[in-house]
Amino acid sequence: MKNREVAALLYQMAELLELHAENRFKIIAFSKAARAIESLPEDITVVCKEKRLQSVPGVGKAIAQKVEEYLRTGKIEAHQELLAGTPPGLVELLQISGLGPKTVSLLHEKLNITNLQELEAAAREHRIRRLPRMGPTRETNILKSIERYKKRSTRILYSTAEPIVNDILARLRDMEGLEHITVAGSFRRARETVGDIDILATASRPEEVVAAFVRIPLVEEVLAQGPTKASVIVQETIQVDLRIVEHQSFGTVLQYFTGSKEHNVRLRQLALSRGFSLSEYSLTRLADSRDIFYDREEDVYAALGLPYIAPEMREDRGEIEAALRGALPQLLELKDIRGDLHVHSDWSDGRASILEMANAAMALGYEYIALCDHSPSVGIAGGLDPEKLERKIKAIAAVNESLQQKEIDFTVLAGTEVDIKADGRLDYPDDLLARCDVVVASVHMGLQQSERSITGRLISAIENENVDIIAHPTGRIIDEREAYEVDIQAVLKAAARTKTVLEINSYPSRLDLNDVNSRAAKEMGAMLCINSDAHDAKQLLNMKYGVNVARRAWLERNNVINTLPLKQLLSLLRR
Ligand code: DGT
Ligand code: CA
Ligand code: CA
Ligand code: ZN
């Protein structure tokens, strides 16, 4: 779907118009249309084809024409003109969170700032705090945003890389003479973000594969092209490297380019201690300089006396030592997941009905799903007042009854995502929580509080016997928001002590708990749960991203409660 792409462009037009101090109504029209298209549940391309653009609220004739122009030609003339009339450095400044057009033009007028570098210098020299409406806090926040922006421009979410990887593999896989093709690097290790995408292949006619690769429609720019490799840019900033290697070395090459660098360093040390030198081409026996080639990666590990180590574990976080001791975990797999314990419905801010969510979960082979809509204090998310939650519990009972009548072995659990309020209390009375099958508690407000307050709020929720799961325990959103100040060790400890479950939220930009914290949770004896936090049926599929985190955290099936059959799950939740 191009909805987000189109919305981003319209948002940018609104900002540029404001930067140029254009007509206020025009500016409002653009941002209104952008917002409507962003949250449109339908594919904008389809809406455009069926000539229904103007039926989208907030999209008038002029904007409809521009959207149509974009979908037809890939650009909007008026947008290009606005860009041409703005210093490129200023356009970049608009992307920094907390910097709107008003601030950018102020900085431009008063301090003659035209780019990121000048902005950073001005902030460090405390020239910004003296401007009207700014002050020291804003100045510090601008510096923080610049730091975040710099990090963000270099890495993309795993879920952004995924369709690119799939598209490239699908287009090359069936070429004649192609033997192996696979993704390596951080993507293969399933890191939450990816710097660039590394693809490896073996083929009888490498040049033809390279030629086909650089011609893939996704490719926008070719940075380098040789007989056996090429580097290209897709989606403006994402680099993809393809290397075609000798079949006989495929095992060592795949091992090398999967990384991580730190894992490889340790593996080479181990090889040396056993009388070998390990390179991407071969394993060389030091005694007689004889090269041994491996076309399978498992054989490289076996030659060093190791069992196969899953790519997700290759971070030099003790995996080689564990492998030597024969103590590698049996990593959890997506197929072990039997249900999803945190999804939303149209009772709050979800887009699908209870039955639609249940049907989608059944289609995935799940045995249960817990509908956990928001509580009242999360007003913007349409939180349910107590009376409405009671009605929802009844509605879910009715759905279960009809499933039973049809002899369908699937259960909808009545749940809630109850807010842990700024004062630490929960947003529903205990007797109502006690009547839910699953209570997920989470922090949405008071994110700026001190570490002591936030940790205290989380621990008091953990200690409430009605709370089963703490959702997205640190609140971070990748590239957007740091975790709130929290003593995570104390939270993990309290969870382990009270048998409160910690969530790995699978939303691609949350992945919270992350790999390191999830592993710490396991080591402290806390249980985890991997949930999609889906707001529509399609987002149930995000579960795989949470499973990635779990595998990177060394989790096994018995560390994760939603691998349990329903009966055992309910008895574990003691309900
Ligand atoms: P990224 O792209 O930043 O998300 O991370 P990676 O791990 O994909 O790193 P990348 O693309 O620079 O290189 C891919 C793999 O190649 C890396 O994981 C390990 C291997 N590699 C690259 N450079 C070195 C190196 O200098 N030493 C060693 N031992 N391995 C390297
Ligand atoms: Ca990479
Ligand atoms: Ca690379
Ligand atoms: Zn949620």
Side-chain angles (χ1 to χ4, degrees), residues 151 153-158 160-161 164-165 182-200 229 231 237-243 245 252-272 277-281 297 311-316 340-345 347-351 357 369-375 378 380-384 415-420 427 438-444 469-473 475 477-478 503-507 509-510 512 529 531-536 539-540 542 546 552:
K151 267 196 261 163
S153 53
T154 57
R155 302 190 70 80
I156 54 168
L157 288 180
Y158 178 92
T160 306
I164 299 170
V165 168
T182 181
V183 64
S186 52
F187 185 88
R188 184 164 183 243
R189 303 197 312 279
R191 275 193 62 177
E192 62 195 24
T193 61
V194 168
D196 69 0
I197 299 172
D198 305 281
I199 296 193
L200 304 174
K229 60 183 185 182
S231 292
T237 56
I238 306 170
Q239 182 170 338
V240 186
D241 297 335
L242 169 73
R243 291 181 184 80
V245 302
T252 44
V253 171
L254 178 58
Q255 196 291 313
Y256 178 86
F257 283 107
T258 296
S260 65
K261 214 169 174 169
E262 293 76 13
H263 173 88
N264 289 354
V265 168
R266 294 275 295 108
L267 203 64
R268 278 203 306 267
Q269 286 168 354
L270 179 72
L272 282 175
S277 106
L278 174 62
S279 76
E280 50 191 294
Y281 302 106
E297 195 184 38
E312 295 92 329
M313 298 183 67
R314 300 184 197 169
E315 298 289 348
D316 189 25
D340 196 328
L341 296 180
H342 175 182
V343 310
H344 295 264
S345 72
W347 283 69
S348 69
D349 61 345
R351 286 174 290 275
M357 292 304 279
I369 190 168
L371 272 296
C372 299
D373 284 300
H374 291 285
S375 62
V378 193
I380 44 165
L384 276 52
T416 176
E417 177 173 10
V418 64
D419 189 52
I420 303 168
D427 204 13
V438 178
V439 173
V440 171
S442 59
V443 169
H444 294 98
I469 299 173
I470 301 293
H472 39 77
I477 296 178
I478 299 172
E503 177 182 81
I504 297 177
N505 189 291
S506 307
Y507 209 80
S509 56
R510 281 199 185 265
D512 175 13
C529 181
N531 293 325
S532 71
D533 201 355
H535 284 66
D536 62 35
Q539 289 179 354
L540 288 172
N542 288 343
R552 291 181 53 83

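Position 1 is the first residue of the sequence; numbering continues from there. Atoms considered below: every heavy atom in the structure, side chains included; atoms not considered: hydrogens, waters and symmetry mates. Order of appearance sets the numbers: ligands from 1, and atoms from 1 within every ligand.
Looking at heavy atoms from C-beta onward, Ser348 lies in side-chain contact with Leu384 at the 4.5 angstrom threshold.
Backbone and side-chain nitrogen or oxygen atoms of Thr193 are examined, and none is located within less than 3.5 angstrom of a nitrogen or oxygen of ligand 1. Between Ser186 and ligand 1, at least one N/O pair is under 3.5 Å apart. Annotation: Gly195 places an N or O atom under 3.5 Å from an N or O atom of ligand 1; distance criterion only.
Not a single N, O or S atom of Asp241, from either the backbone or the side chain, sits less than 3.0 Å from the Ca ion (ligand 2).
Nearest heavy atom pair, residue Ser186 against residue Gly195, reads OG-N, 4.1 Å. Contact record, Asp512 with Gly475: OD2-N, 2.7 Å, taken as the closest heavy-atom pair. The two residues Leu540 and Ile369 make their nearest non-hydrogen contact at CD2-CD1, 4.1 Å. Residue Glu503 comes nearest to Asn505 through the heavy atom pair OE1-ND2, 2.9 Å, listed as atom of the first residue, atom of the second, then distance. Ser442 approaches His444 most closely through the heavy-atom pair OG-CE1, 3.0 Å.
Per-residue contacts place Arg268 under 4.0 angstrom from the following atoms of ligand 1 (heavy atoms of the residue considered): 29 (N). Listed by number with element, the atoms of ligand 1 under 4.0 Å from a non-hydrogen atom of Asn264 are 19 (C), 29 (N), 30 (N). Taking every non-hydrogen atom of Asp198 and a distance limit under 4.0 Å, the qualifying atoms of ligand 1 come out as 8 (O), 11 (O), 14 (C). Those atoms of ligand 1 with a heavy atom of Val194 less than 4.0 angstrom away are 4 (O).
Counting only distances under 2.8 Å, and ignoring water, the protein N, O or S atoms around the Zn ion (ligand 4) are His342 NE2, His344 NE2, Glu417 OE1, Asp533 OD1.
Residue Tyr507 qualifies as open at atom OH: its count of foreign heavy atoms under 6.0 Å is 12 or below.
Going from atom CD of Glu417 over to atom NE2 of His374 covers 5.0 Å, rounded to the nearest 0.5 Å.
Distances shorter than 4.0 angstrom occur between a heavy atom of Arg155 and an atom of ligand 1. Using a 4.0 Å cutoff on heavy atoms, Thr258 counts as a contact of ligand 1. In this structure, Arg189 counts as a contact residue of ligand 1, since one of its heavy atoms falls inside 4.0 Å of the ligand.
By the side chain to side chain donor-acceptor pair (under 3.5 Å) test, Asp427 is found to be paired with Ser375, Ser377, residues two or more places apart in sequence or in another chain being considered. Annotation: salt bridge (Lys or Arg N to Asp or Glu O under 4.0 Å) contacts of Glu315 (sequence neighbours excluded): Arg189, Arg552. With sequence neighbours excluded, the residues forming a side chain to side chain contact (heavy atoms under 4.5 Å, CB included) with Asn264 are Gln255, Tyr256, Arg268, listed by chain and number.
When the N, O or S atoms of Asp198 are ranked by distance to the Ca ion (ligand 2), OD2 comes first. Note on Asp196: its N/O/S atom closest to the Ca ion (ligand 2) is OD1.
When Gly185, Ser279, Gly259, Ala161 are ranked by how near their heavy atoms come to atom 17 (C) of ligand 1, first place goes to Gly259. When Glu280, Lys261, His263 are checked for heavy-atom proximity to atom 28 (C) of ligand 1, Lys261 turns out nearest.
Ring geometry for Tyr158 against Phe187 counts as parallel: the plane angle stays under 30°, on a 0 to 90° scale with 60° as the upper cut.
The only option from Val265, Leu272, Leu267 that meets the side-chain contact (heavy atoms from CB on, under 4.5 Å) definition with Gln269 turns out to be Val265.
Under 4.0 Å from ligand 1, not a single heavy atom of Phe187 appears.
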query: Going through the checks in order, is the side-chain hydrogen bond (donor to acceptor under 3.5 Å, both in side chains) test met by His344 and Gln539?
result: CA-CA 10 Å; His344 295 264; Gln539 289 179 354; over 6 Å; no
